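Before I ask anything, here is the structure I am working with.
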Amino acid sequence: MAYWLLKSEPDMFGIDDLAKCQRRTEHWDGVRNYQARNYLRAMRRGDQAFFYHSSCAAPGVYGVVDIVRAAYPDPSADDPQSPYYDPRSTGDNPRWFMVDVRFQRRLKRPVSLSQIKQTRALRKLPLVQRGNRLSVMPVSPTEWATILKLTGEH
DNA sequence: GCCAACGTTGGC
DNA sequence: GCCAACGTTGGC
């Protein structure tokens, strides 16, 4: 099983929105960056991911989600009405993919970006690397455990 | 709102 | 293939 981190702007879609979804499950669609897409495609059912809130007053890790469906074509790429529309992606040759994620839990104590930056064991996280804007990134088992420790949950 | 950093686009 | 221009991300 692998670990990941998924960014989202809570004003658009936060961890609490996911908890309110039917079956607490939603498509993680709209990813339009090739590196992030490749990570999406590497995800397997049963993987876990941190739900990270970005572009907000207190950026950080707020919850844990389960990957409940591996990558499949993102239909918003084919929808001219969608902000994620990409005419270069076609039905028989899809360019963009999404996974399904299910709410697992909210962290009792979120782990802030500044905490993450202050933690030596997390220095290699793409999240805190200079200029990094990846919205989907891998998290090593050690990093995963380190972040959970920071929540005080163990 | 500012701005640094980055990815993408498109002319050549 | 180069690279300037542009748009986006995201912390502050």
Side-chain angles (χ1 to χ4, degrees), chain A residues 2-21 26-43 47-67 70-101 103-140 142-152:
Chain A
Y3 299 106
W4 308 93
L5 182 145
L6 298 168
K7 280 185 195 171
S8 186
E9 300 182 22
D11 291 345
M12 301 298 296
F13 187 80
I15 185 77
D16 295 328
D17 296 305
L18 180 61
K20 285 180 210 147
C21 289
E26 187 55 284
H27 318 297
W28 202 266
D29 63 356
V31 171
R32 294 294 179 270
N33 168 282
Y34 288 104
Q35 197 179 353
R37 178 202 65 181
N38 293 343
Y39 286 136
L40 277 184
R41 297 195 72 178
M43 290 182 184
D47 287 357
Q48 296 187 77
F50 286 130
F51 196 120
Y52 178 89
H53 284 181
S54 66
S55 292
C56 57
V61 173
Y62 281 77
V64 179
V65 303
D66 295 307
I67 309 303
Y72 58 109
D74 178 350
S76 67
D78 298 320
D79 175 9
Q81 306 308 317
S82 168
Y84 303 125
Y85 178 56
D86 182 353
R88 299 164 306 176
S89 180
T90 59
D92 55 346
N93 188 17
R95 179 173 302 220
W96 305 114
F97 292 81
M98 62 186 188
V99 297
D100 288 356
V101 303
F103 177 89
Q104 183 193 101
R105 64 198 169 91
R106 210 180 198 290
L107 297 182
K108 284 178 209 130
R109 214 170 359 129
V111 177
S112 69
L113 176 60
S114 64
Q115 272 179 287
I116 291 172
K117 283 180 174 169
Q118 287 165 29
T119 305
R120 277 183 169 270
L122 299 175
R123 276 191 305 193
K124 288 190 175 166
L125 256 192
L127 183 73
V128 292
Q129 271 160 33
R130 176 188 163 84
N132 197 287
R133 304 184 315 192
L134 262 189
S135 64
V136 179
M137 69 187 73
V139 175
S140 75
T142 307
E143 291 163 341
W144 182 268
T146 301
I147 290 175
L148 285 183
K149 242 178 208 170
L150 290 174
T151 71

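Here is how names work: the chains are called A, B, and so on, in the same order as the sequence lines, proteins then strands, and each is numbered from 1. All of these numbers come straight from a predicted model, not from anything done at the bench.
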task: Can you check each nucleotide of nucleotides 4-10 of chain B against protein heavy atoms at under 4.0 Å and return B for base, S for sugar-phosphate only, - for none, in 5' to 3' order?
output: -BBSSS-

message: Can a side-chain donor-acceptor contact be found between Tyr85(A) and Asp78(A) if the only test is distance below 3.5 angstrom?
response: no

Atom pair OG1/CZ of Thr151(A) and Arg106(A) - distance to nearest 0.5 Å: 13.0 Å

message: Once you measure the plane-to-plane angle for Tyr3(A) and Trp144(A), does it fall in the parallel (<30°), tilted (30-60°) or perpendicular (>60°) bin?
response: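 Geometry flag for Trp144(A) against Tyr3(A): parallel rings.
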
field: Carboxylate-amine/guanidinium contact Arg37(A) Asp74(A), below 4.0 Å
entry: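 Looking at Arg37(A) and Asp74(A), the cut-off is not met.
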
task: Classify the angle between the aromatic ring planes of Tyr62(A) and His53(A) as parallel (below 30°), tilted (30 to 60°) or perpendicular (above 60°).
output: parallel

Residue-phosphate contact under 4.0 Å: Lys7(A) side-chain N/O, dG11(C) OP1/OP2: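 No.
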
